[in-house]
Amino acid sequence: MRNTSNIEHESHIADVCPICNDMGFLRFDVPVGHAKFGQVTICECQSHEIKKKRQKKLRSISNLAALSHYTFDSFILCKQNDASQINENLQRVHNIALNFAENPNGWLVFVGNYGCGKTHLAVAIANDRIQHNQPALFVVVPDLLDHLRATYHPYSTVTYDERFEEIRSSPLLILDDLGTQASTPWAQEKLFQIFNDRYNRRLPTVVTTNVALEELDARLRSRLVDRNLSVIVHIEAPDFRDMEKYLPKLSSLSYHADKTFTTFDLHRSFGTSHAKKLADNLEEAYKLSENYAQNPSDWLIFTGKHGCGKTHLAAAIALHQSNLGEKVLFIVMADLLDHLRATYHPNSSIPYDKRFEQIRNAPLLVLDDLGTYSATPWAQEKMYQLLNHRYNARLPTVITLADTTSLDPVIKARFFDDERCEVFFIKAGQYKKRKSLSSLKKKRKS
């Protein structure tokens, strides 16, 4: 039988020796009536195995294998050759992160623009802890919420309570990109529960965000800015990465290279008693587009039935500006949302905030088929953030959609602001190019 005299400070008797019988537990040898009478405890050799399994699970959730290159040694301290003040800030931030990794205590909050290095440092802390056989859980906030949602699936191998406990009780929790999650009541509740529990228990936590702390939920902010617990670090460096070569092609304008003003058919046959009115309406839309293409400002919105020509005119505007050397983003709304979702993938080469910033601040943005996306709360939130920003900043925007009836009332109110938006309803039906005279002759002969 195994000698248990040196296990902890109390005497134990091993019911089954873990070395011999692989049971892995001990029973306290205490008198009847003692608080621990009849209780069992995990043997220290088995505790080591449990710790290793738990650490492996946390590393799996963190997906740190794909981020192993984010270390303190690989962090670039010199972002600009002549920016000594920025380099000094980065050196200070690097040292703060390194000291935290050596002795995690309290909360560390990185605040900075996309590409400044805050995620790199956060992952470096996690990698350093795991390299020293210490548990750490790194997770992007939207992914964290997805991990919790996944437990509701009937075939989930882990319960919600188990997963939630793993996250909120992690010895070191690193939350990346706070503020990029969909702000649903459920998401806000879960995040508050996690933050509040860790705040009360003073568990080491690292948070990164590109959102001003004043814009975060008040309950979260009050805990993040507690000087008795948190150290808030502002990273002043700009985006030092040359991201353009990593960016998947956003614009689909090349697919519409044939949709120019010269190829737009103004003389289609309407075949109705209202042909003159429809032809005049179409010509008005054409002239409106031409004028806008010469000097894009504020918003131009085309509505109408499928195939009426609104996408052609929107593409013609975009092509005209592109040929002048201007930067134009032409994209279908559903594709735009897919591009944003793709940034949540752990192997994405571009962060969400970089992608969203690229879209919402495009010099000229053409959103085609606005009403064709799946109207989930997340999608509606992204659409509102995008359109509200461009409306307030008065950025040139062209939008096509079938009708405005299903729009959110807040967005609809912006669409019908006469000072900033021109909404034009194209009354013509499906647009089909007229066949050439030669093809018509061939058809008659046959």
Side-chain angles (χ1 to χ4, degrees), residues 50-77 90 92-112 114-148 163-181 191 194-195 197-199 201-210 224 229-233 235 237 241 343-353:
I50 292 173
K51 185 177 179 181
K52 284 176 60 177
K53 290 179 180 179
R54 185 183 181 194
Q55 188 168 320
K56 183 178 180 181
K57 183 183 291 186
L58 289 177
R59 192 178 183 93
S60 174
I61 297 173
S62 300
N63 196 44
L64 285 173
L67 303 172
S68 59
H69 59 292
Y70 282 1
T71 65
F72 288 114
D73 291 336
S74 65
F75 186 74
I76 302 174
L77 289 170
L90 289 174
R92 184 178 70 86
V93 172
H94 177 274
N95 292 340
I96 291 173
L98 186 59
N99 290 335
F100 187 90
E102 292 174 355
N103 181 29
N105 185 28
W107 289 15
L108 183 58
V109 183
F110 291 117
V111 183
Y114 54 80
C116 68
K118 56 187 183 296
T119 295
H120 187 132
L121 289 173
V123 176
I125 292 172
N127 283 330
D128 185 83
R129 295 299 294 171
I130 289 179
Q131 186 177 2
H132 289 88
N133 296 318
Q134 298 298 323
L137 172 58
F138 171 89
V139 64
V140 181
V141 172
D143 291 344
L144 178 151
L145 297 170
D146 282 346
H147 282 304
L148 292 177
R163 179 52 49 82
F164 190 70
E165 188 62 26
E166 286 173 354
I167 293 170
R168 74 173 180 177
S169 296
S170 173
L172 172 60
L173 177 62
I174 302 172
L175 296 175
D176 192 34
D177 274 345
L178 177 66
T180 61
Q181 73 280 354
L191 285 177
I194 292 170
F195 273 84
D197 183 75
R198 298 186 69 82
Y199 177 82
R201 295 161 65 185
R202 294 306 199 248
L203 293 176
T205 306
V206 178
V207 177
T208 79
T209 182
N210 74 312
L224 287 171
L229 179 67
S230 296
V231 174
I232 299 175
V233 181
I235 304 180
R241 298 167 294 190
T343 62
Y344 295 143
H345 193 280
N347 295 328
S348 173
S349 59
I350 179 172
Y352 166 87
D353 47 355

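Keep in mind that this is a model prediction, so the values were computed, not measured.
Residues meeting the salt bridge (Lys or Arg N to Asp or Glu O under 4.0 Å) test with Arg198, sequence neighbours left out: none. With sequence neighbours excluded, the residues that form a side chain to side chain contact (heavy atoms under 4.5 Å, CB included) with Ala101 are Phe72, Ile125, Asp128. By the side chain to side chain contact (heavy atoms under 4.5 Å, CB included) test, Ile232 pairs with Val109, Val111, Leu213, Val225, His234, sequence neighbours left out. The ring pair (Phe, Tyr, Trp, His ring centres under 6.0 Å) search around Phe195 returns Trp107, not counting sequence neighbours. Residues meeting the side-chain hydrogen bond (donor to acceptor under 3.5 Å, both in side chains) test with Asn105, sequence neighbours left out: none. Taking Asp197 as the reference, Arg168, Arg201 meet the side chain to side chain contact (heavy atoms under 4.5 Å, CB included) condition, with sequence neighbours excluded. Annotation: ring pair (Phe, Tyr, Trp, His ring centres under 6.0 Å) contacts of Phe164 (sequence neighbours excluded): Tyr160. For Asp146, the side chain to side chain contact (heavy atoms under 4.5 Å, CB included) test picks out Asp143, Arg149, with sequence neighbours left out.
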Item to complete: Check the pair Leu121 / Phe100 against side-chain contact (heavy atoms from CB on, under 4.5 Å), numbers first and verdict last.
Response: CA-CA 11 Å; Leu121 289 173; Phe100 187 90; over 6 Å; no

Worksheet entry | side-chain contact (heavy atoms from CB on, under 4.5 Å) between Arg92 and Asn95, worked out | CA-CA 5 Å; Arg92 184 178 70 86; Asn95 292 340; 5.7 Å; no

Practice prompt. Check the pair Phe75 / Leu90 against side-chain contact (heavy atoms from CB on, under 4.5 Å), numbers first and verdict last.
Written response: CA-CA 10 Å; Phe75 186 74; Leu90 289 174; 4.1 Å; yes

Worksheet entry | Check against side-chain contact (heavy atoms from CB on, under 4.5 Å), Leu148 and Leu144 | CA-CA 7 Å; Leu148 292 177; Leu144 178 151; 4.1 Å; yes

Per-pair distances, 0.1 Å, donor-acceptor, side chain in residues 173-180, under 3.5 Å, sequence neighbours excluded:
residue: Asp176; atom: OD1; partner: Thr119; partner atom: OG1; Å: 2.8
residue: Asp176; atom: OD1; partner: Thr208; partner atom: OG1; Å: 2.4
residue: Asp176; atom: OD2; partner: Thr119; partner atom: OG1; Å: 3.1
residue: Thr180; atom: OG1; partner: Asp177; partner atom: O; Å: 2.9

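Between Ala136 and Ser170, the shortest heavy-atom contact is C-OG, 4.4 Å. Minimum heavy-atom separation, Pro135 to Leu172: O-CB, 3.9 Å. The heavy-atom pair separating Pro171 from Pro204 by the smallest distance is O-CD, 3.4 Å. Contact record, Arg129 with Glu102: NH1-O, 3.8 Å, taken as the closest heavy-atom pair.
Interatomic distance, NE2 of His120 versus NE2 of His94, reported as 7.5 Å (0.5 Å rounding). Distance CD1/Ile167 to CD/Glu165: 10.0 Å, rounded to 0.5 Å.
The closest donor-acceptor contact from the side chain of Lys118 to the backbone of Phe110 lies at 3.5 Å or more, if one exists at all.
Each of Leu229, Ile194, Leu224, Thr205 was evaluated against Tyr199; a single residue qualifies, Leu229, per the side chain to side chain contact (heavy atoms under 4.5 Å, CB included) test.
Inter-residue side-chain proximity for Leu191 and Gln181 is flagged as met; some heavy-atom pair is nearer than 4.5 Å.
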